[in-house]
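Whatever order the structure lists them in is the order used to number ligands and atoms, beginning at 1. Because the structure is predicted, anything quoted here is derived from the model rather than measured.
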Amino acid sequence: LKAAKGGVGFPSSSLLPMTGTNYNIAKLEVINNGKSITEARVDIDVSWQSLEYYAGIAGTLAGQHIQLPGGSFAYTRREALGVCVGIGAWNYPFQIACWKSAPALACGNAMVFKPSPFTAVTAVILAEIYKEAGVPDGLFNVVQGGAETGTLLCNHPGVAKVSFTGSVPTGKKIMEMSAKTVKQVTLELGGKSPLIIFKDCELENAVRGALMANFLTQGEVCCNGTRVYVQREIMPVFLEEVVKRTKAISIGDPLLEDTRMGALITRQHLDKVLGFVSQAKKEGAKVLCGGEAFTPIEPKLKGGYYMSPCVLDNCTDDMTCVKEEIFGPVMSVMPFDTEEEVLKRANNTTFGLASGVFTRDISRAHRVAENLQAGTCFINNYNISPVEVPFGGYKQSGFGRENGQVTIEYYSQLKTVVVEMGAVDDYFNC
Ligand SMILES: NC(=O)C1=CN([C@@H]2O[C@H](COP(=O)(O)OP(=O)(O)OC[C@H]3O[C@@H](n4cnc5c(N)ncnc54)[C@H](O)[C@@H]3O)[C@@H](O)[C@H]2O)C=CC1
Ligand SMILES: C[N+](C)(C)CCCC(=O)O
């Protein structure tokens, strides 16, 4: 925890080469994932905040006392589920491991965590941190592997719960496997979230919000607001600003302080994202900037999986780039005229992870938030996720929540104890 906070090293770690105090988890996460060091630091901050938050909540877990007639009473106890499995995605490797294990351990469970094979390293660092903090052996375990390992964990009869972050197709398989022994399931799946920008917005904030909604972690974020609906009157000025700033994003060595966009996760994934851009062009979208493989000047970065962030104009709701999760730095922009129309279009998706609205009209903001079918609605910002605030999906984006007090309910079960203070009824008259 100390290391996460300030770069204080762990003497016992075999994985972290110690070169002073600044070789910290964030740096390792950059090497793990490819995101910029500036972002990785935020991820690690959010991670230790999650550990502290649930450590605090652990002492507050309580049941209810219910009085019954005749002096009898009942009480409820919040108890652990048992062994919980966490299966993580590669976009927020350390943070996901914390978001799952912190509430799990706070509720008295053990956790077996399987990171994505693309980002295997930092979950092991978390295990070392827990060990140093005094967590007994076996309470938090990291198992490495891919789909086969995940399948074994989900089918294991000794596992009480599976918490999964990843794609919708894998989430469906997890649910199916878990059904065999009635395991509880939390699913944090994909999205194609709408971001609605009204003409009365604070434009500067709306433009910044659109960048936040699309370009963090190279666009590989499940709750990204990739369908950007802009009220027609402000479309030209919005596009001008958003394109100007998108072009100015510094892409390159993610370990450098000035870099704001690093490399995508794999060559295959980069090709997939570039394929979405080609398909968008074929379907009539106009590339206003980016959407191409990018080669940084430094020779050592040649062959890296970089691409320039892309803004697509002339998009319509039926295009592939507007319907499917791209999971890369590609923003699709569409005009709208009325609130009623845009709400219908925004909700016309099988996903429901997040949503956003920019407006200065307070009534409109809350009305839109109420009517958007998504687990989160950001008003006048996007993609901020304080640990106190529940995060999770509607529709095929999943169910269950992470963060916030409510997550306790997803990692515990309620026992009712009924106490008779009088005689037992002679009901059978014998
Ligand atoms: N919602 C989100 O945060 C994420 C969404 N995705 C989406 O999924 C796409 C594919 O990325 P992947 O890493 O292949 O995601 P994925 O959903 O296949 O994998 C996520 C995790 O599940 C594990 N897994 C895969 N198949 C499994 C199975 N049958 N049983 C149990 N565990 C299994 C993986 O090893 C990994 O740890 C991305 O391009 C993106 O569109 C990917 C990562 C995160
Ligand atoms: C931290 N935040 C909100 C940008 C993304 C967290 C969800 C994810 O795992 O993609």
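Against a heavy-atom cut-off of under 4.0 Å, Thr165 is close to the following atoms of ligand 1: 3 (O), 20 (C). Each of the following atoms of ligand 1 lies closer than 4.0 Å to a heavy atom of His269: 39 (O). Which parts of ligand 1 touch Cys222 is read off a 4.0 Å heavy-atom cut-off, strictly below it: atoms 1 (N), 2 (C), 3 (O). Close approach of ligand 2 to Phe391 (heavy-atom distance below 4.0 Å) involves ligand atoms 7 (C). Near Gly190, meaning under 4.0 Å from one of its heavy atoms, ligand 1 places the atoms 1 (N). Counting the atoms of ligand 1 from 1 in the order shown, those under 4.0 Å from a heavy atom of Ile174 are 31 (C), 32 (N). Less than 4.0 angstrom separates some heavy atom of Ser116 from each of these atoms of ligand 1: 37 (O). Per-residue contacts place Lys272 under 4.0 angstrom from the following atoms of ligand 1 (heavy atoms of the residue considered): 39 (O). Listed by atom number, the atoms of ligand 1 under 4.0 Å from Thr151 heavy atoms are 28 (C), 29 (N), 30 (N), 31 (C).
By heavy-atom distance, the residue among Gly86, Gly88, Gly150 lying nearest atom 36 (C) of ligand 1 is Gly88. One option in Cys222, Gly190, Ser385, Gly392 has a heavy atom closer to atom 1 (C) of ligand 2 than any other, and that option is Ser385. For the residues Cys154, Ala89, Ser167, the heavy atom positioned nearest atom 17 (O) of ligand 1 is part of Ser167.
Among all protein heavy atoms, the one lying closest to atom 5 (C) of ligand 2 is Val221 CG1, 3.7 Å. Summary of contacts: the protein heavy atom closest to atom 23 (C) of ligand 1 is Ile87 CG2, 3.7 Å. The shortest contact between atom 35 (O) of ligand 1 and any protein heavy atom is with Lys114 NZ, 2.8 Å. For atom 12 (P) of ligand 1, the nearest non-hydrogen atom of the protein is Trp90 NE1, 3.7 Å. Scanning the protein heavy atoms around atom 4 (C) of ligand 2, the nearest turns out to be Tyr92 OH, 3.2 Å. At the top of the distance list for atom 42 (C) of ligand 1, counting protein heavy atoms only, stands Phe327 CE2, 3.8 Å. Of all protein heavy atoms, the one closest to atom 41 (O) of ligand 1 is Glu325 OE1, 3.3 Å.
Looking only at atom types and distance, the side chain of Asp317 has no donor-acceptor partner in the side chain of Asn348 under 3.5 Å away. A donor atom on one side chain and an acceptor atom on the other are found under 3.5 Å apart for Thr122 and Asn32. Side-chain atoms of Lys183 and Thr181 include a donor-acceptor pair closer than 3.5 Å. Of the N and O atoms on the side chains of Tyr411 and Thr186, not one donor lies less than 3.5 Å from an acceptor on the other residue. Under 3.5 Å, the side chains of Thr149 and Gln144 contain no donor-acceptor pair of N or O atoms. Side chains of Lys100 and Thr165: a donor-acceptor N/O pair is present below 3.5 angstrom, by distance only.
Proximity of Glu148 to ligand 1 is not established, as no heavy-atom distance is less than 4.0 Å. Contact analysis puts Phe164 in contact with ligand 1, with a non-hydrogen atom separation below 4.0 angstrom. Assignment of Glu220 to the shell around ligand 1 is not supported, since no heavy atom sits closer than 4.0 Å.
Protein non-hydrogen atoms do not reach within 4.0 Å of atom 14 (O) of ligand 1. Under the 4.0 Å distance rule, the nearest protein heavy atom to atom 26 (N) of ligand 1 falls inside the cut-off.
With hydrogens and angles ignored, the 3.5 Å screen pairs no side-chain donor or acceptor of Lys247 with any backbone N or O of Cys289.
Of the charged side-chain nitrogens involved, none lies within less than 4.0 Å of a carboxylate oxygen, so that Lys323 and Asp318 do not count as a salt-bridged pair. Between Lys192 and Glu324 there is no salt bridge, since no side-chain nitrogen of the basic residue lies less than 4.0 Å from a carboxylate oxygen of the acidic one.
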- Task: Check the pair Glu204, Arg245 against salt bridge (Lys or Arg N to Asp or Glu O under 4.0 Å), reporting the backbone distance first and the verdict last.
- Result: CA-CA 11 Å; Glu204 171 74 16; Arg245 290 169 203 221; 2.9 Å; yes

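Proximity of Gln95 to ligand 2, defined as any heavy-atom pair under 4.0 Å, is confined to the side chain (atoms from C-beta onward). Within the 4.0 Å heavy-atom criterion, the part of Pro117 lying near ligand 1 is the side chain and not the backbone.
For Lys173, no nitrogen or oxygen atom sits less than 3.5 Å from a nitrogen or oxygen atom of ligand 1, counting backbone and side chain alike. Backbone and side-chain nitrogen or oxygen atoms of Asn91 are examined, and one is located within less than 3.5 angstrom of a nitrogen or oxygen of ligand 2. The shortest N/O to N/O separation between Thr170 and ligand 1 falls below 3.5 Å.
A heavy-atom distance below 4.5 Å is found between the side chains of Val230 and Val228. At least one side-chain heavy atom of Pro254 sits less than 4.5 Å from a side-chain heavy atom of Tyr306. Taking the side chain as every heavy atom from C-beta outward, Asp253 and Lys300 approach each other to under 4.5 Å.
In this structure, Lys344 forms no cation-pi arrangement with Phe336, as its terminal cationic atom is not both closer than 6.0 Å to the ring centre and no more than 45° off the ring axis.
A salt bridge (Lys or Arg N to Asp or Glu O under 4.0 Å) check over residues 209-238, counting only residues at least two apart or in different chains, returns the pairs Lys199-Glu233, Arg232-Asp337.
Each of Phe118, Tyr305, Phe276, Trp90 was compared with His269 under the ring-ring contact (aromatic ring centres under 6.0 Å, His included) criterion, and only Trp90 meets it.
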